[in-house]
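Only one structure is covered here, and it is reproduced in the block below.
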2 protein chains.
Amino acid sequence: MIILKLGGSIITKKEAKEPTIDYENLNRIAREIASSSIDKLIIVHGAGSFGHIYAKEYEIGAEIQDEEDFKQKKMGFSITQSWVKKLNTIVCDSLRENGVLTVSIQPSSFIITKNKRIHHCNLDLINKYLDMGFVPVIYGDVVPDLDESIKICVLSGDQIIKYLGENLKPERVILGSDVDGIYNKNPKKHEDAKLMKIVTSCDDLATEGSLNVDVTGGMKGKLMELIELAEIGVESEILNAGRNGLIKKALNHEKGIGTIVKKEKEV
Amino acid sequence: MIILKLGGSIITKKEAKEPTIDYENLNRIAREIASSSIDKLIIVHGAGSFGHIYAKEYEIGAEIQDEEDFKQKKMGFSITQSWVKKLNTIVCDSLRENGVLTVSIQPSSFIITKNKRIHHCNLDLINKYLDMGFVPVIYGDVVPDLDESIKICVLSGDQIIKYLGENLKPERVILGSDVDGIYNKNPKKHEDAKLMKIVTSCDDLATEGSLNVDVTGGMKGKLMELIELAEIGVESEILNAGRNGLIKKALNHEKGIGTIVKKEKEV
């Protein structure tokens, strides 16, 4: 089984001022997935411009100041939940129309966090869908949090990847990003930045992360989750899903297309 | 706490050949809910033309004949899930735009049935949302089933009502339907049909149910669930949500607008 992340910066126009799909990328990637040889697959997608705008505007996950502030944040929760659900519907439909048997999984229907980390999440249904031959499509969402000072928070697709990776032990995790992989420096600022073939710890690099607004932490946050996964033996690879054919190659078990995140430096 | 059902025949044009919203009813009802004095509320809505067409076409819940048939049914599951989710998004958005703090709850993310009855359904999140002041909006959906001969089935809004009623013990259940209540005979066929003020058992009537296609059993199915609820002490009332103001009256604790379903005949 493979877990594939489709970054919000790939399937949406992340810098758009309102939720905007990148249909060209989405439909191409849907065709790549449909024509790959992968048997069992879970897809996790980010929120991009469908989520970050609202999560940021309403400061979801920040400490609640008073009743009025909580009321505003709840409104933000409701709005964000609706938009990321719309994105998920579009993603599932595109995949299905290209031949992928998708089933949508809504985190805010069954996941509770504690201090912004997944606290309760029953995977029985996802396993059931996988056994039946469906491709579960789960996504970055807003969820209730047990911490009384915040009560609600943003659950990133990257944290979901980490949780599923830990609990379902996939063959590998593939992260479809908008960059070729992890660089030793930010390639948008430094001309001599080098793409790393393998990363084993955060010390390997001094990345300043994505240049876009990303409430869930940008590249550094993603990498931290992946390094923790690597430590328990789940290897992942970050590649550029914006480049034609790379997702398909990776699903067809090709390795070393982007940056591999693994425990030890030996290949 | 009140559980309010919005029938698929009210919020959608049920006889339409493709999924069609009844925006006039939906937006009016959203305003009625927003302007009522209700404190804690759960909304359950049916699928109407967003669900029944596909569930019927793909015979979801019928015995699986062979692999090819299962493949078709799974495709039907994916399509149906997507359409009822779209309906839920529209319903939540209309409610929120009118001032109701909705949170969407997707049954196919956390409910499993066995022989078409709810087998596993964790209500912790719904309770959490209620405690925070949200209005959870759940709906008729398709779900996995533990019975190997069917594997998937339709979960009706009415069965959800029954389950929530049993487990959350609401003050009352209100069913917003497209008829004034329960008649002793089908009023569309019999001129002398009389509206019943109180129903305590199926023997009270000889209803032939709704005239529309309804894979989840029409009025008789609804009534059976309500009578079972009545038997454990949860009273319900079926009223015409197509008539201006009745939902608001019922949410404001007025009784006897339509037909009350309760355990004993005394009022």
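Within every chain, numbering begins at 1; the chains are lettered A, B, ... in the order of the sequence lines, protein sequences first and strands thereafter. Values below: every heavy atom of this structure, side chains too, minus hydrogens, waters and symmetry copies.
Taken from CG in Asn122(A) to CG in Asp124(B), the straight-line distance is 11.0 Å, to the nearest 0.5 Å. Atom NZ of Lys151(A) sits about 8.0 Å away from atom CE of Met132(B), to the nearest 0.5 Å. Considering OG1 of Thr102(A) and CE of Met75(B), their distance stands at 8.0 Å, rounded to 0.5 Å.
Here the shortest heavy-atom pairing between Tyr129(B) and Ser108(A) reads OH-O, 2.8 Å. In this structure, Leu125(A) and Ser109(B) approach most closely via the heavy-atom pair CD2-C, 3.8 Å. Shown here for Ser78(A) and Arg96(B), the closest heavy-atom pair between the two residues is OG-CD, 3.0 Å.
For chain B, the option among Lys128(A), Lys71(A), Lys85(A) with the highest count of heavy-atom pairs below 4.5 Å is Lys85(A). For chain B, the option among Ile112(A), Ile79(A), Leu146(A) with the highest count of heavy-atom pairs below 4.5 Å is Ile79(A). Put simply, of Ile111(A), Ile152(A), Ile126(A), the one with the most heavy-atom pairs under 4.5 Å next to chain B is Ile111(A).
For Glu148(B), the part lying near chain A is the side chain, with the backbone staying farther off; criterion is any non-hydrogen pair under 4.5 Å. Contacts between Gln106(B) and chain A at a heavy-atom distance below 4.5 Å involve backbone atoms as well as side-chain atoms. In this structure, no portion of Asp131(B) lies under 4.5 Å from any heavy atom of chain A. If you measure heavy-atom distances from Asp145(A) to chain B, the contacts under 4.5 Å come from the backbone alone.
Applying side chain to side chain donor-acceptor pair (under 3.5 Å) to Ser82(B) and the options Thr89(A), Asn88(A), Asp93(A) leaves one that passes, Asp93(A).
Taking Glu171(A) as the reference, nothing meets the salt bridge (Lys or Arg N to Asp or Glu O under 4.0 Å) condition, with sequence neighbours excluded.
Glu166(B) CD: more than 12 foreign heavy atoms inside a 6.0 Å radius.
A donor-acceptor pair under 3.5 Å is absent between the side-chain atoms of Gln81(A) and the main chain of Val103(B), judged by distance alone.
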